[in-house]
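These notes are about the structure you will find just below.
In what follows, every heavy atom counts, from backbone to side chain, and hydrogens, waters and symmetry copies are set aside. Predicted, not measured: the structure shown is a model, and the values here were computed from it.
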Amino acid sequence: MSDSTPAAPVVLDLWCDLECPDCHRALDDVRALRARYGDRVEIRLRHFPLEKHKHAFAAAQAAEEAVAQGRGWPYIEALLSRTDDLGRTGEPVLLDVARELGLDTEEFDTALIDGRHLLIVDADHAEGKAIGVTGTPTYVIGDERLDGGKSQEGLRERIEEIVDRTLAARDR
């Protein structure tokens, strides 16, 4: 038996609006970061629904229901790939995605009606505002914040630099 415990992963908070086209484009970066770092980096979706996206708040609640049903990231990725549909069609898309993933759509519908995930979404949004998040996607690693809503150009490289530096400092 070893006395050493594996180091905790570096945490990357991704502040996201699930109706945001920029967040949809950020999926490629998220996938690349997962492929490069595996379990050394924990990517946590944090909700920051923007007022200009009228279905984003319901989408955040639906994502939390998917988490409760054990399929959070598959749901989030599937929903982000349909930001245009969500903007045009609205909340029925939330149930369509759940159905496509084999989730309990009746429970999804009930969760959206009874608001059981409101506190999580509200808390994320409030925390985002408190740390200066103004748009999505925004990435936070430690005390460094990168605003992907302004430009995706070179963003993954900047995230990788921060993660590599953090991992190197931790491994010393």
Side-chain angles (χ1 to χ4, degrees), residues 6 8-87 89-131 133 135-142 145-146 148-149 156 159 163:
V10 172
V11 174
L12 168 62
D13 283 331
L14 169 58
W15 297 87
C16 185
D17 171 322
L18 294 171
E19 193 178 340
C20 172
D22 290 329
C23 290
H24 167 90
R25 285 187 288 280
L27 262 182
D28 288 337
D29 289 338
V30 169
R31 290 179 184 126
L33 292 166
R34 276 200 197 118
R36 177 173 176 168
Y37 295 107
D39 61 2
R40 295 181 302 152
V41 173
E42 177 186 357
I43 300 173
R44 299 187 309 192
L45 182 93
R46 305 297 301 273
H47 299 291
F48 201 78
L50 302 170
E51 287 183 25
K52 68 181 177 180
H53 296 134
K54 65 182 178 178
H55 307 293
F57 196 79
Q61 293 177 74
E64 286 302 318
E65 180 57 29
V67 168
Q69 293 188 30
R71 302 289 313 271
W73 272 106
Y75 184 85
I76 290 162
E77 289 189 22
L79 188 56
L80 280 172
S81 71
R82 296 180 63 180
T83 55
D84 289 341
D85 290 345
L86 181 58
T89 308
E91 294 183 21
V93 172
L94 304 175
L95 297 175
D96 290 345
V97 171
R99 189 175 303 105
E100 291 163 10
L101 292 173
L103 297 170
D104 183 341
T105 55
E106 285 185 34
E107 199 61 31
F108 256 80
D109 197 36
T110 302
L112 290 171
I113 292 167
D114 71 19
R116 68 183 73 160
H117 303 294
L118 284 172
L119 289 177
I120 294 169
V121 176
D122 285 343
D124 274 2
H125 197 264
E127 185 180 339
K129 278 187 165 182
I131 65 169
V133 174
T136 60
T138 295
Y139 301 85
V140 177
I141 308 164
R145 187 178 71 236
L146 301 169
R156 184 171 66 214
I159 293 168
V163 170

Donor-acceptor contact present, side-chain [X] to main-chain [Y], <3.5 Å:
| X | Y | result |
| --- | --- | --- |
| Tyr75 | Leu94 | yes |
| Asp17 | Leu50 | yes |
| His125 | Pro49 | yes |
| Glu77 | Leu27 | no |

Measuring from [X]:[atom1] to [Y]:[atom2], what's the distance to the nearest 0.5 Å?
| X | Y | atom1 | atom2 | answer |
| --- | --- | --- | --- | --- |
| Glu100 | Leu79 | CD | CG | 10.5 Å |
| Glu19 | Leu86 | CD | CG | 4.5 Å |
| Glu127 | Arg46 | CD | CZ | 4.0 Å |
| Asp96 | Leu101 | CG | CG | 11.0 Å |
| Asp124 | Trp15 | CG | CH2 | 5.0 Å |
| His117 | His47 | NE2 | NE2 | 9.5 Å |

Just so I know, are the side chains of [X] and [Y] near enough to count as touching, which here means a heavy-atom distance under 4.5 Å?
| X | Y | answer |
| --- | --- | --- |
| Asp122 | Phe57 | yes |
| Asp109 | Glu106 | no |
| Gln61 | Leu118 | yes |
| Leu80 | Cys16 | yes |
| Ile43 | Tyr37 | no |
| Arg99 | Phe108 | no |

Given Val163, Ile159, Val41, the one that forms side chain to side chain contact (heavy atoms under 4.5 Å, CB included) with Leu33: Ile159
Minimum heavy-atom distance [X]-[Y], with the two atoms named:
| X | Y | result |
| --- | --- | --- |
| Glu91 | Ala58 | OE2-CB, 3.4 Å |
| Leu18 | Ala59 | CD1-O, 3.4 Å |
| Pro92 | Thr89 | CD-O, 3.6 Å |
| Arg34 | Trp73 | NH2-CD2, 2.8 Å |
| Leu14 | Pro137 | CD1-CB, 3.7 Å |
| Thr136 | Asp22 | O-CB, 3.8 Å |

All pairs passing salt bridge (Lys or Arg N to Asp or Glu O under 4.0 Å) where residues 56-72 contributes a residue, at least two apart: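 Matches after skipping sequence neighbours: Glu65-Arg116.
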Using ring pair (Phe, Tyr, Trp, His ring centres under 6.0 Å) as the criterion, list what pairs up with His24, not counting sequence neighbours.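 With neighbours one apart ignored, the set is empty.
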With sequence neighbours excluded, tell me which residues meet side chain to side chain donor-acceptor pair (under 3.5 Å) with Arg44.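 Result, side chain to side chain donor-acceptor pair (under 3.5 Å) vs Arg44: Asp13.
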